[in-house]
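To keep things clear, I will list the structure first and then write my remarks on it.
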Amino acid sequence: MADDKGLTPRAEDFSTWYTDVIARAELADYSPVRGCMVIRPGGYAIWEHMQAALDRMFKESGHQNAYFPLFIPQSFLAREAEHVEGFAPETAVVTQGGGKELEEPLVVRPTSETIIYASFAKWIQSWRDLPMLINQWCNVVRWEMRTRLFLRTTEFLWQEGHTAHATADEAEAEALQMLKIYRVFMEDHMAMPVVTGLKTDSERFAGAVRTYACEGLMQDNKALQAATSHNLGQNFARAFDVQFQTAEGGLDYVWSTSWGASTRLIGGLIMTHGDDAGLVAPPQLAQYQVVIVPIYRKDEERSVVLEVAHDLREELAANGFRVHLDARDGLKPGAKYYEWEGKGVPLRIEIGPRDIAAGTLMLARRIGGKESIPRDAAADRVGVELEAIQRSLLETARERREANSLRGATKDEFIGYLEGGGGFVYAGWCGSAECEQTIKDQTKATIRVLPDDEFRSDTPPSTCVWCGSPSTAEAIWARAY
RNA sequence: CGGGGCGUAGCGCAGCCCGGUAGCGCGCCUGCUUUGGGAGCAGGAGGUCCCCGGUUCGAAUCCGGGCGCCCCGACCA
């Protein structure tokens, strides 16, 4: 950190700011193992709220949770050619157990397609067994070269959905449905706007037919892939022999999907809303939505104030708010304000002798604004304010993204925008991997997605921004995490 | 794996060049006074100076060899 009090400002050094926020908000800590992290209670609480919201959405759309093993026989990974090529370099492999060399090395799952299809092959016989809609919450390990807390760690937590369907259309619809669910979650819960769309072949999941993704734009104008949803076609079904009898009596391979979102989302949350004072947690996901800070001088005041503060806490808790009373003695109120601001708590209620005498409370918003409100109105106002903050965060983030997006640029403008630290660039693309690669080499920008309809420009680009050939699709370019 | 930086108290650092009782700030503990935006005073606890070897009467400091971490790049959720 810059010093004992302040964080490194975003404008000075964004990535140091990011690490400072995590330390200040006590979200995570470095571990004794390189590339791994300890998720502290403050960070884990956010993850639990993310899990709860996503899990509910998955169940509402008919999915069931299950759990598959951490260890995967090495040979499983090898069965799908593209998949093994994609993941083999970054797997951790266990070669010994119980003091003996294993007959077959076990891979620590980097993702679970292979071991799950081995089960699907046993569970699916008939079209009546379909669709098979499974999700699991677990940890995975990918031996990354360079790691950053939450954004890329060797071990991370995530959910991976795996589904099998009777037809190609159903699998495609499932992949799109889950993409939509992620998007709704990110907007409604994280207050993080994302563009959705199709990945190009170079960014496609190893073993997928099509990969869709949600892409957010962080405050440093780098894109963050926040979730992916894959249509796997029959690739894994063929590799693991997952066949079913059709209603017509024939035999076919299932059509499958997989989709995932990870603790990386917490990194996205930090970089979407955080400011130079620390974390800004959207009310939907905040560990505490409201913190009450009592103020008193003498012992007589202390007991009176604390009694009122306790009552207030009970009332707010009874109304369903996540509320914390900071009754620690010996810390001045100001010190507590700074601490909870750093931790991103959306609302703070200050309560002291003057407020008690007047029958009021002081209500301070993490995103700015402080006012005195009637004590009786507390529960109502807290509810109203939390909703307003949630909306405001999304709106502010959306405006920032749009202010940092460029459409209809010439090649020179395209290059200049990216080199000037700009965000999303919408432009035509001829569809060739050559242009994509050249652009990456020269600008460090990659195609984040070929955006879905609603994100596309009103006038579709007619030519490739790089080579000038006819455009086959509008693409969004950006430098990315 | 390339480039850069750093390993000394929980955290941040000084000391190292020029060898001689291991220090500072924050934090922590105890007490008193404080408390409406980061409290003050007094007392106190806390260290294999990253590891191994060498030089020396004596090494945090000099020499050799390891290891680890962070940041920037190539790969990736």
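Numbered from 1 within each chain, the chains take letters A, B, ... in sequence-line order. Just so it is clear, the values below take in all heavy atoms, side chains as well, and ignore hydrogens, waters and symmetry mates.
- Listed by chain and residue number, nothing satisfies the side chain to side chain donor-acceptor pair (under 3.5 Å) test with A:Gln64 (two or more places apart in sequence, or in another chain).
- Residue-level contact check: A:Pro89 touches neither bases nor backbone, having no heavy atom under 4.0 Å from any strand.
- Residues of residues 274-302 of chain A having a heavy atom closer than 4.0 Å to RNA chain B, listed by number: A:Ile295, A:Tyr296, A:Arg297.
- Ring geometry, A:Phe240 versus A:Phe236: the interplanar angle falls under 30°, so the pair is classed parallel (tilted spans 30 to 60°).
- Nucleotides B:C16 and B:U8, compared at atom C1', are 11 Å apart to the nearest Å.
- If you check every strand for non-hydrogen atoms under 4.0 Å, A:Lys199 touches nothing.
- Annotation: side chain to side chain donor-acceptor pair (under 3.5 Å) contacts of A:Ser75 (sequence neighbours excluded): A:Glu104.
- As judged by a 4.0 angstrom heavy-atom cut-off over every strand, A:Thr153 is placed among the base-contacting residues.
- For B:U33 and B:C17, the P atoms lie 50 Å apart once the distance is rounded to whole Å.
- When heavy atoms are screened at a 4.0 angstrom cut-off, A:Leu265 is found touching no nucleic acid atom at all.
- B:C28 and B:C71: their C1' atoms are spaced 30 Å apart (whole Å).
- With 3.5 Å as the limit, one finds no donor-acceptor pair spanning the side chains of A:His83 and A:Glu85.
- Annotation: B:C57 and B:C52 have their C1' atoms spaced 23 Å apart (nearest Å).
- A side-chain donor-acceptor contact under 3.5 Å links A:Asp20 and A:Thr8.
- The residue A:Asp13 sits apart from the nucleic acid: no heavy atom pair falls under 4.0 Å.
- Across all strands, A:Glu203 comes closer than 4.0 Å to no nucleic acid atom at all (heavy-atom distances).
- Counting only N and O atoms by type, the side chains of A:Thr196 and A:Asp452 include a donor and acceptor under 3.5 Å apart.
- Within 4.0 Å of A:Ser15, counting heavy atoms only, lie sugar-phosphate atoms of the nucleic acid but no base atom.
- Nucleic acid contact class of A:Arg328 (heavy atoms, under 4.0 Å, all strands): none.
- One C1' atom belongs to B:G4, the other to B:A74, and the distance between them is 16 Å to the nearest Å.
- If you check the side chains of A:His310 and A:Glu315, you find no donor sitting under 3.5 Å from an acceptor.
- A:Glu144 comes within 4.0 angstrom of a nucleotide base, judged by non-hydrogen atoms across all strands.
- Within the 4.0 angstrom heavy-atom criterion, no nucleotide atom of any strand lies near A:Thr228.
- Within 4.0 Å of A:Leu151, counting heavy atoms only, lies at least one base atom of the nucleic acid.
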